[in-house]
Amino acid sequence: MSNIHVTANGPHGVNSVGGAGSLSLAAMVFMLQSLMADAAKTQMATALETVTRDFSTLKELTGFLAQAKAQQQAARDGRGNCPWDKHASMMSTEMAAFMDKHGLRYDRYGNDLANNPREWDVAITSLETALALNMAQTGSRMGAAPGLLALASLKASGEMAELSNFLAQAKAQQQAARDGKGNCPWDKHASMMSAEMAAFMDKHGLKYDRYGHDLANNPKEWDVAITSLETALEQRTAGAQQSLLSALKLAAVCDFWLSGAAERLLTD
């Protein structure tokens, strides 16, 4: 075994580590920082890939949840698109494929994708549970990112769920108005926006038709609210993902600076 000794000739008391060959302490620190930097970059790349996939799944979940709720409401109102029963509506093959892929439950009676309101409850509960679980998992994976950015992304995810619910509500009300089954007291070709939806849209600066100040909307007027909600949902999804990317970039900058600091030790 070779002898190892530390010399204390430098201004800070430690200058080099001696042995079979002399290796400066600064060089050792740089080597350690380089190893840490490589590990951090690998972890960040993995985290980025995983969470990007998470957000893609969240976007699909919110879209299919809105679709399921709108189809359920249509079935309740006797406006379902099932060829043999207007009190049932058809699950799209895309939704069925998504749910099969992710192991989500839905009613399979008859193997025909037709669902009455009670059967839609099975799919909706499954989608809502998956959405909550995915949000929690995404938040957990973002735990290593700077706190404020992580919280911003979680907040955006929560708003995505609200937007999805109100979007489903708006589409169902629009269809009811189209079919002359609206809940407007003076016009069955119009339906009422709920006070909760109006408050949400006011809070977030989303556009909807305010003519008459009565919250009644005909199908054309519902288009204003639906377009606004769909745009906001797209923006929240992109914003949440961008927050995560910013967090990862900030972590990369910090890692780069630390590596640079170690390198400067060699030249100071």
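Values below: every heavy atom of this structure, side chains too, minus hydrogens, waters and symmetry copies.
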Taking side-chain contact (heavy atoms from CB on, under 4.5 Å) as the definition, give me every residue that meets it alongside [X], ordered by chain and number, with sequence neighbours left out.
{"X": "A68", "value": "M95, W120, I124, L127"}
{"X": "A232", "value": "L163, L206, R236"}
{"X": "K207", "value": "V224, S228"}
{"X": "T227", "value": "T231"}

Residue pairs passing the salt bridge (Lys or Arg N to Asp or Glu O under 4.0 Å) test where at least one lies in residues 105-116, sequence neighbours excluded: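 Pairs touching residues 105-116 that pass the test: D100-R108.
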From S164 atom OG to L131 atom CG, the distance as rounded to the nearest 0.5 Å: 7.0 Å
From F64 atom CZ to M91 atom CE, the distance as rounded to the nearest 0.5 Å: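 Going from the CZ atom of F64 to the CE atom of M91 covers 9.5 Å.
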Close side-chain approach of P219 to Q175, heavy-atom, < 4.5 Å: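 Result no, sub-4.5 Å side-chain heavy-atom pair not found.
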Contact check, side chains of R76 and N116, non-hydrogen atoms, under 4.5 Å: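 Counting from C-beta outward, R76 and N116 never come under 4.5 Å.
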Test salt bridge (charged side-chain N to carboxylate O under 4.0 Å, His left out) applied to [X] - qualifying residues, sequence neighbours left out:
{"X": "D121", "value": "none"}
{"X": "D187", "value": "none"}
{"X": "E128", "value": "K69"}

Distance-minimising heavy-atom pair for C82 and A114: SG-CB, 4.0 Å
Which residues share a ring-ring contact (aromatic ring centres under 6.0 Å, His included) with H87, sequence neighbours left out: none
Contacts of type ring-ring contact (aromatic ring centres under 6.0 Å, His included), residue F200, not counting sequence neighbours: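 Result, ring-ring contact (aromatic ring centres under 6.0 Å, His included) vs F200: F166, H204.
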Donor-acceptor pair, side chain of S191 and main chain of Q173, under 3.5 angstrom: yes
Salt-bridge criterion met for R79 and D179 (N-O under 4.0 Å): yes
Residues forming a side chain to side chain donor-acceptor pair (under 3.5 Å) with Q174, sequence neighbours excluded: R178, D223
Results of side chain to side chain donor-acceptor pair (under 3.5 Å) for Q169 - residues two or more places apart only: S194
